[in-house]
**Q** 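Just passing along the structure, written as structure tokens.
Chain identifiers are assigned alphabetically (A, B, ...) following the order of the sequence lines, protein sequences preceding nucleic acid strands; residue numbering begins at 1 within each chain.
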Protein chains: 2
Amino acid sequence: MNIGDASDRSGLPAKTIRYYEDIGLLKPGRAENGYRDYSSSDVHRLKFLQRSRSLGFSVEECRQLLSLYGDTARESADVKAMAEVKLGEVDRKIAELIELRGVLQHLVHNCHGDARPDCPILDDLSGKAPRDPSPAEAAEHSSPSKH
Amino acid sequence: MNIGDASDRSGLPAKTIRYYEDIGLLKPGRAENGYRDYSSSDVHRLKFLQRSRSLGFSVEECRQLLSLYGDTARESADVKAMAEVKLGEVDRKIAELIELRGVLQHLVHNCHGDARPDCPILDDLSGKAPRDPSPAEAAEHSSPSKH
DNA sequence: CTTGACCTTCCAGTTGCTGGAAGCCTTACG
DNA sequence: CGTAAGGCTTCCAGCAACTGGAAGGTCAAG
């Protein structure tokens with residue numbers, strides 16, 4: 001099967017599939033014309049990748065999951081532990097975003113949003129306005145560079 | 001003021017401050033020895049950046065906010081609109097993560113997590129197991145490449 | 001025989017930094 | 001006065017996880 005079909009069946013763009021091959025997650029065969037030739041197990045693997053990526057596992061984590069998947073002697077505890085760690089991360093991210101949401105909503109709520117140049121949002125961002133200590137204050141001095 | 005002090009006062013790493021200068025968010029003066037020299041308004045600008053970045057605005061959005069901030073003729077509605085868009089994005093992200101959380105928790109819950117090689121998590125990821133249609137199903141065919 | 005849809009490779013760019021090397025500048029200590 | 005530590009400068013490279021595009025080969029239909 002050509003890459004286009006593999007793309008359709010796995011839900012991954014062809015570019016991404018080639019990229020996954022580049023980084024060694026996949027080694028499809030080649031047809032005589034040089035085209036990549038995907039078996040159904042390749043497609044299976046791609047679907048696995050699509051789903052685990054969409055569940056928030058990093059590519060490296062996917063690599064581990066795949067090797068656990070291929071290892072008939074693995075223990076399900078290993079996999080469960082990874083999923084639990086990921087669950088914790090998701091929980092933390094949700095909490096952060098909810099906090100963020102609170103601050104943004106506060107800003108939006110306090111801004112009259114008309115043609116006047118006066119704007120509480122900018123005042124807040126600039127640190128000018130007397131803000132009541134919101135939960136976001138605690139995070140104020142955390143580096144914004146954690147992406 | 002040297003970059004180290006500006007870093008301390010703004011909460012941004014020196015590297016990040018230089019980077020912001022590189023991309024034109026800032027133009028501090030230079031001392032005779034070639035060191036960057038930050039005024040208190042530069043620091044103000046840096047704090048503004050730190051806070052708006054930590055609120056989830058992209059660097060380009062920060063650039064817009066800064067130009068709105070400097071524009072005495074701007075209307076607060078412009079700023080409010082940006083904040084509202086951002087709020088919507090945050091809401092969407094939270095919803096996605098909560099959905100994700102549900103799937104992960106379902107997986108963790110169903111995995112016995114012992115020494116047996118049998119693992120419902122991997123089965124689910126591979127599409128093998130008969131899963132009940134969860135909310136994540138709907139997102140199954142969305143590209144995972146939106147990061 | 002040509003058109004258009006696929007496929008190939010390779011190179012570059014995205015976002016927002018971060019790390020490191022090589023080399024000045026400044027300050028404190030002995 | 002020398003030197004060592006720390007801060008500052010520049011530039012180059014790299015991270016994740018792709019994505020876009022150019023230049024060109026291949027294939028099926030009309």
**Q** Starting at atom CE of M1(A), determine the distance to atom P of dC6(C), rounded to an integer number of angstrom.
**A** 16 Å

**Q** Working to the nearest 0.5 Å, report the span between CG of L100(B) and OG of S54(A).
**A** 7.5 Å

**Q** What is the distance, rounded to the nearest whole Å, between atom CZ of R18(A) and atom C1' of dA17(D)?
**A** 16 Å

**Q** What is the separation between atom CD on Q50(B) and atom C1' on dG16(C), rounded to the nearest whole Å?
**A** 14 Å

**Q** More 5' along DNA chain C: S58(B) or D37(A), using each one's nearest nucleotide?
**A** D37(A)

**Q** What is the distance, rounded to the nearest whole Å, between atom CG of L12(A) and atom P of dC18(D)?
**A** 8 Å

**Q** Begin from the C-alpha positions of E60(A) and R63(A) and carry the test salt bridge (charged side-chain N to carboxylate O under 4.0 Å, His left out) through to its verdict.
**A** CA-CA 5 Å; E60(A) 283 318 303; R63(A) 199 191 296 276; 2.9 Å; yes

**Q** Give the nucleotide from the list dC7(C), dC17(C), dT19(D) with an atom nearest to the side chain of I3(A).
**A** dC7(C)

**Q** Could you check how far CG of N2(B) sits from P of dG6(D), rounded to whole Å?
**A** 17 Å

**Q** Would you call E89(A)-K86(A) a salt bridge at under 4.0 Å N-O?
**A** yes

**Q** Looking at T16(A), I'd like to know whether one of its side-chain N or O atoms comes within less than 4.0 Å of OP1 or OP2 on dA17(D).
**A** no

**Q** Just by modelled atom types, is the G88(A) backbone N or O under 3.5 Å from a matching donor or acceptor in the R101(B) side chain?
**A** no

**Q** Could you give the OH-to-P distance, from Y19(B) to dC12(D), as a whole number of Å?
**A** 17 Å

**Q** Between the side-chain atoms of K15(B) and the base atoms of dG16(C), is any donor-acceptor pair under 3.5 Å?
**A** no

**Q** Using atom CG of D22(B) as one end and atom C1' of dT9(D) as the other, report the distance to the nearest whole Å.
**A** 12 Å

**Q** Can you tell me how far the OG atom of S40(B) sits from the CG atom of L46(B), to the nearest 0.5 Å?
**A** 11.5 Å

**Q** Under a 4.0 Å heavy-atom cut-off, which of residues 27-36 of chain A touch DNA chain C?
**A** R30(A), G34(A), Y35(A), R36(A)

**Q** So what does I23(B) touch, heavy atoms closer than 4.0 Å: a base, only the sugar-phosphate, or nothing?
**A** nothing

**Q** Got V59(B) and L25(B) here, is their nearest side-chain heavy-atom distance under 4.5 Å?
**A** yes

**Q** In whole Å, I'd like the distance from the OH atom of Y20(A) to the C1' atom of dC18(D).
**A** 8 Å

**Q** Given the rule that I, L, V, M, F, W and Y join up when any side-chain heavy atoms are under 4.5 Å apart, are Y19(A) and L65(A) in one cluster?
**A** yes

